[in-house]
Amino acid sequence: MSAVLRKLQVSVTQQAFVLNQALTLCRATTSIQHPNWASVHERQYKSMPTHGIGRWRHLLLKEPQKKRKEKHLKKAIIAETDTAYGTLNVKMSGHDMTTVEHYAKFAHNLCNRLGIEVAESYALPTKSTEVMLMQEQSTKMYTDAVLKTHERVVQLSCLDATLCPIFMDVLLKNQPEGVQLSMNEHSEADYQARFKSRPALEGLIEKINQ
């Protein structure tokens, strides 16, 4: 009986060995012919990392870096000579912003045609004026209207004395209604008028300096 059992065990082990070899061969052939049929444990994407999937910003065009606004530097005031004026400010003011803006553009173009050097062309802060009215037989006042005054400045440098009368004559003949025109020499007060006053900030600075 023992000899028969031993023969049966040997035959079973041989069959099992043959079946194992057959299974390994089948797995190898299926994985080569059809990679998608491979077993779950054999991962085919080990050499293909996924850290770049979903990135899209490199496809966009690079935007230029925004330049920081440089602090406005004060320009030197040019002194007058025997044949030319120094730094002059041609001021235009009025309540209609569109009319004042067009007149300032006209003055700038006129300077370019006559060969007059324009140092700067800028706008001054808008001023508001309240018109108050008093009721009849009463001491109370109420606001009837708020007028806004817009100012534009065309700053000239080294204006020739012989060309100045012609320049002013053309400006005065083309002066629109409701726009005031003036010309004066540039000064430190005119430079400070370009900036809005900040009473709260100025008060804090005074407290710090004390």
Side-chain angles (χ1 to χ4, degrees), residues 64-133 141-210:
Q65 295 182 355
K66 294 182 180 180
K67 295 182 179 180
R68 295 180 62 183
K69 291 184 178 179
E70 297 180 358
K71 190 176 180 180
H72 186 271
L73 299 176
K74 181 181 177 182
K75 293 184 178 181
I77 299 174
I78 301 172
E80 62 181 6
T81 61
D82 296 335
T83 58
Y85 293 96
T87 305
L88 298 176
N89 289 339
V90 181
K91 291 184 180 180
M92 291 143 281
S93 61
H95 302 301
D96 189 358
M97 185 181 66
T98 306
T99 307
V100 175
E101 187 71 29
H102 281 287
Y103 190 47
K105 189 182 291 184
F106 170 78
H108 200 151
N109 290 332
L110 180 62
C111 292
N112 293 337
R113 290 187 178 185
L114 295 177
I116 301 172
E117 184 180 353
V118 178
E120 282 187 289
S121 181
Y122 55 89
L124 292 175
T126 304
K127 298 178 182 178
S128 299
T129 306
E130 292 184 355
V131 179
M132 308 292 291
L133 290 179
M141 299 182 68
Y142 64 94
T143 304
D144 183 64
V146 178
L147 298 177
K148 292 185 178 182
T149 305
H150 308 278
E151 292 182 345
R152 299 292 184 270
V153 177
V154 179
Q155 193 175 99
L156 313 178
S157 58
C158 299
L159 176 61
D160 194 1
T162 58
L163 193 59
C164 183
I166 301 171
F167 174 69
M168 290 302 300
D169 189 24
V170 175
L171 281 182
L172 290 172
K173 285 184 177 179
N174 292 276
Q175 183 179 359
E177 295 181 358
V179 178
Q180 296 179 357
L181 177 66
S182 64
M183 179 184 286
N184 58 353
E185 293 183 358
H186 183 66
S187 61
E188 182 69 24
D190 294 328
Y191 176 75
Q192 296 298 333
R194 298 180 62 175
F195 308 104
K196 290 184 178 180
S197 60
R198 300 180 181 180
L201 181 60
E202 291 174 359
L204 291 174
I205 292 172
E206 290 180 356
K207 288 181 181 179
I208 293 170
N209 295 332
Q210 288 178 357

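Computed from a prediction, not measured in an experiment: that's the story for all the values here.
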Is the charged tip of Arg194 near the ring of Tyr122: under 6.0 Å from the six-membered ring centre and within 45° of its axis?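 Here Arg194 passes the 6.0 Å and 45° test against Tyr122.
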Shortest non-hydrogen separation from [X] to [Y] and the atoms involved:
X: Ala119; Y: Ser157; answer: CB-OG, 4.3 Å
X: Val154; Y: Ala104; answer: CG2-O, 4.0 Å
X: Pro125; Y: Phe195; answer: CG-C, 4.4 Å
X: His150; Y: Val100; answer: O-CG1, 4.0 Å
X: Met183; Y: Phe167; answer: CE-CE2, 3.9 Å
X: Leu163; Y: Leu114; answer: CD2-O, 3.7 Å

As a quick check of understanding, evaluate side chain to side chain contact (heavy atoms under 4.5 Å, CB included) for Leu133 and Met141, giving each step before the final call. CA-CA 5 Å; Leu133 290 179; Met141 299 182 68; over 6 Å; no
Rounded distance (nearest 0.5 Å) linking atom [atom1] of [X] with atom [atom2] of [Y]:
X: Ser128; Y: Lys148; atom1: OG; atom2: NZ; value: 5.5 Å
X: Asn89; Y: Glu151; atom1: CG; atom2: CD; value: 11.0 Å
X: Leu124; Y: Thr149; atom1: CG; atom2: OG1; value: 11.5 Å
X: Asn184; Y: Thr87; atom1: CG; atom2: OG1; value: 11.5 Å
X: Leu88; Y: Ile116; atom1: CG; atom2: CD1; value: 10.0 Å
X: Asn174; Y: Leu172; atom1: CG; atom2: CG; value: 9.5 Å

Applying side chain to side chain donor-acceptor pair (under 3.5 Å) as the test, list every pair that has at least one member in residues 106-115; sequence neighbours left out.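 Listed by first then second residue: nothing to list.
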[atom1] of [X]: more than 12 outside heavy atoms within 6.0 angstrom?
X: Asn209; atom1: CG; result: yes
X: Met168; atom1: CE; result: yes
X: Glu202; atom1: CD; result: yes
X: Tyr103; atom1: OH; result: yes

How about [X] and [Y]: do any of their side-chain heavy atoms sit closer than 4.5 Å?
X: Val118; Y: Gln155; value: no
X: Cys164; Y: Tyr85; value: yes
X: Val131; Y: Val146; value: no

Test log, rule side chain to side chain contact (heavy atoms under 4.5 Å, CB included), inputs Val90 and Met92: CA-CA 7 Å; Val90 181; Met92 291 143 281; 4.2 Å; yes
Hey, is Glu101 close enough to Arg152 for a salt bridge, meaning N to O under 4.0 Å?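 Answer for the salt bridge query: yes.
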Derivation and outcome, side chain to side chain contact (heavy atoms under 4.5 Å, CB included), residues Glu177 and Thr99: CA-CA 9 Å; Glu177 295 181 358; Thr99 307; over 6 Å; no
Run the side chain to side chain contact (heavy atoms under 4.5 Å, CB included) test on Glu117 and Leu156 for me, step by step, so that the C-alpha distance in whole Å, both residues' side-chain angles and the decisive distance to 0.1 Å come before the verdict. CA-CA 6 Å; Glu117 184 180 353; Leu156 313 178; over 6 Å; no
